[in-house]
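The first residue in the sequence is number 1, and the count goes up from there.
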Amino acid sequence: MKIFPAIDLLDQKVVRLYQGDYQQKEVFGDDPVAFAQAFEEAGAKYLHLVDLDGAKAGKLHYFGIAKKIVEHTNLYVEVGGGIRDEETIQHCLSAGVDRVILGTIAQKDPEFTQAMLKKYGARIAIGVDAKEEKVAVEGWLEKTETDAFEFCQQLVKWGAKTIIFTEISRDGTGEGINLPLYQKLNQLEVEIVASGGVATLQDIEGLKQLGISGAIVGKSLYSGSLKLEEVLAAGGDDQ
């Protein structure tokens, strides 16, 4: 299983939010490149980078930081947050970003999303953020009436190769992962990356046993409740 340590950027700092609440943030540092290098030194091969300012504003803010991380590490880097047009997608991919995550735009503009999936294939992932089983958009600030699981089914029909599924209510809480939910999602013919609430090695092992393709680990690494080396070992062969 692929393990993606997460770097969330807000006000150019590395932060973690509690349940996606911009008012409940914890700052961990102001050098995201150093964090990425430390993850790589610990054995990581993948990185999940989120531009929280971009997600809220609807426009990628921290392209420069993403580019620096690509230039100063050998990590597979995926970037999300405010990516809502093809120019930004091309900009990221041409700078060496490996995968671009579409979130809000996937829910709001199905036609564009299908076109991008068709054109860029596996270099596009769709981020589905769920609040009370409904899709949330605009940096998690707005909850829609779209059923999250049904939306995932739709994405598979559109040709999505990877869905990054986040349970907002568990994100940054340390509550642990909702394994029955991911068991259900894993029935879909698409790679599922689990996000939100990974708190223990048992969470990682449980996801791996289900056959989930990847997991994003954030707050538990920063708080020290999990060591990245142990998470990578529990994730297994894809490291």
Side-chain angles (χ1 to χ4, degrees), residues 1-10 14-20 26 28 32 35-36 38-40 42-52 54-55 66 69 73 75-81 83 97-103 124-131 136 139-140 148 152 160-179 181-182 185-186 190-208 210-223 225-236 238-239:
M1 189 169 71
K2 296 170 184 169
I3 302 296
F4 292 81
I7 294 178
D8 289 2
L9 298 171
L10 188 65
V14 178
V15 307
R16 296 304 297 169
L17 303 184
Y18 180 82
Q19 295 186 339
E26 197 172 347
F28 290 94
F35 276 89
F39 290 149
E40 185 175 33
K45 291 183 179 178
Y46 305 91
L47 181 72
H48 178 75
L49 185 66
V50 180
D51 181 342
L52 292 170
I69 289 173
T73 72
L75 293 165
Y76 175 103
V77 179
E78 62 179 23
V79 175
I83 299 172
V97 169
D98 294 281
R99 186 159 69 189
V100 169
I101 304 161
L102 301 182
I124 300 280
I126 307 296
V128 177
D129 302 327
K131 201 170 193 176
W140 300 356
C152 289
K161 306 294 185 199
T162 303
I163 294 173
I164 298 168
F165 195 96
T166 305
E167 260 200 300
I168 296 171
S169 65
R170 293 182 183 234
D171 193 71
T173 65
E175 279 182 24
I177 212 85
N178 181 349
L179 285 174
L181 167 69
Y182 287 102
L185 287 167
N186 208 39
V190 66
E191 282 196 358
I192 297 290
V193 176
S195 171
V198 174
T200 65
L201 293 178
Q202 285 74 22
D203 287 331
I204 297 292
E205 289 158 1
L207 290 167
K208 187 185 174 190
L210 289 178
I212 297 294
S213 74
I216 293 167
V217 189
K219 179 70 179 286
S220 53
L221 293 180
Y222 291 93
S223 69
S225 63
L226 283 179
K227 286 189 167 57
L228 182 54
E229 292 89 343
E230 293 173 351
V231 175
L232 295 171
D238 222 324
Q239 299 309 311

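- Between the side chain of D98 and the backbone N or O of V77, at least one donor-acceptor pair lies under 3.5 Å.
- Going from atom OG1 of T200 over to atom CD of E205 covers 8.0 Å, rounded to the nearest 0.5 Å.
- Considering every non-hydrogen atom in both L228 and A42, the closest pair reads CD2-CB, 3.8 Å.
- If you take NZ on K45 and CG on L75, they are separated by 11.0 Å, rounding to the nearest 0.5 Å.
- Between I164 and I216, the closest side-chain pair of non-hydrogen atoms falls below 4.5 Å.
- Looking at Y182, its side chain never comes within 3.5 Å of a backbone N or O of I192 through a donor-acceptor pair.
- Proximity of a side-chain donor or acceptor of S220 to a complementary backbone N or O of L226 within less than 3.5 Å is not detected.
- Taking every heavy atom of both residues into account, V193 and S213 meet most closely at CG2-OG, 4.1 Å.
- Counting only heavy atoms from C-beta outward, the side chains of K219 and Y18 never approach each other to under 4.5 Å.
- Considering only heavy atoms from C-beta on, C152 stays 4.5 Å or farther from V190 through its side chain.
- Counting heavy atoms from C-beta outward, K2 and E191 have side chains that approach closer than 4.5 Å.
- The aromatic rings of F4 and H48 lie perpendicular to each other, with more than 60° between the two planes, well past the 30° mark.
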Check your understanding: Going through the checks in order, is the side-chain contact (heavy atoms from CB on, under 4.5 Å) test met by I177 and L207?
Key -> CA-CA 9 Å; I177 212 85; L207 290 167; 4.3 Å; yes

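- At a threshold of 4.5 Å between non-hydrogen side-chain atoms, the residues T73 and F39 do not count as touching.
- Using cut-offs of 30° and 60° on the angle between ring planes, the pair F28 and Y222 is tilted.
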Point to revise | side-chain contact (heavy atoms from CB on, under 4.5 Å) between L17 and D8, worked out | key: CA-CA 9 Å; L17 303 184; D8 289 2; 5.6 Å; no

Practice item. Assess whether side-chain contact (heavy atoms from CB on, under 4.5 Å) is satisfied between I204 and M1, documenting all intermediate values. Key: CA-CA 9 Å; I204 297 292; M1 189 169 71; 3.7 Å; yes

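- Note: F35 CZ to L49 CG = 12.5 Å, rounded to the nearest 0.5 Å.
- Contact check for V79 versus I101: no side-chain heavy atoms found under the 4.5 Å cut-off.
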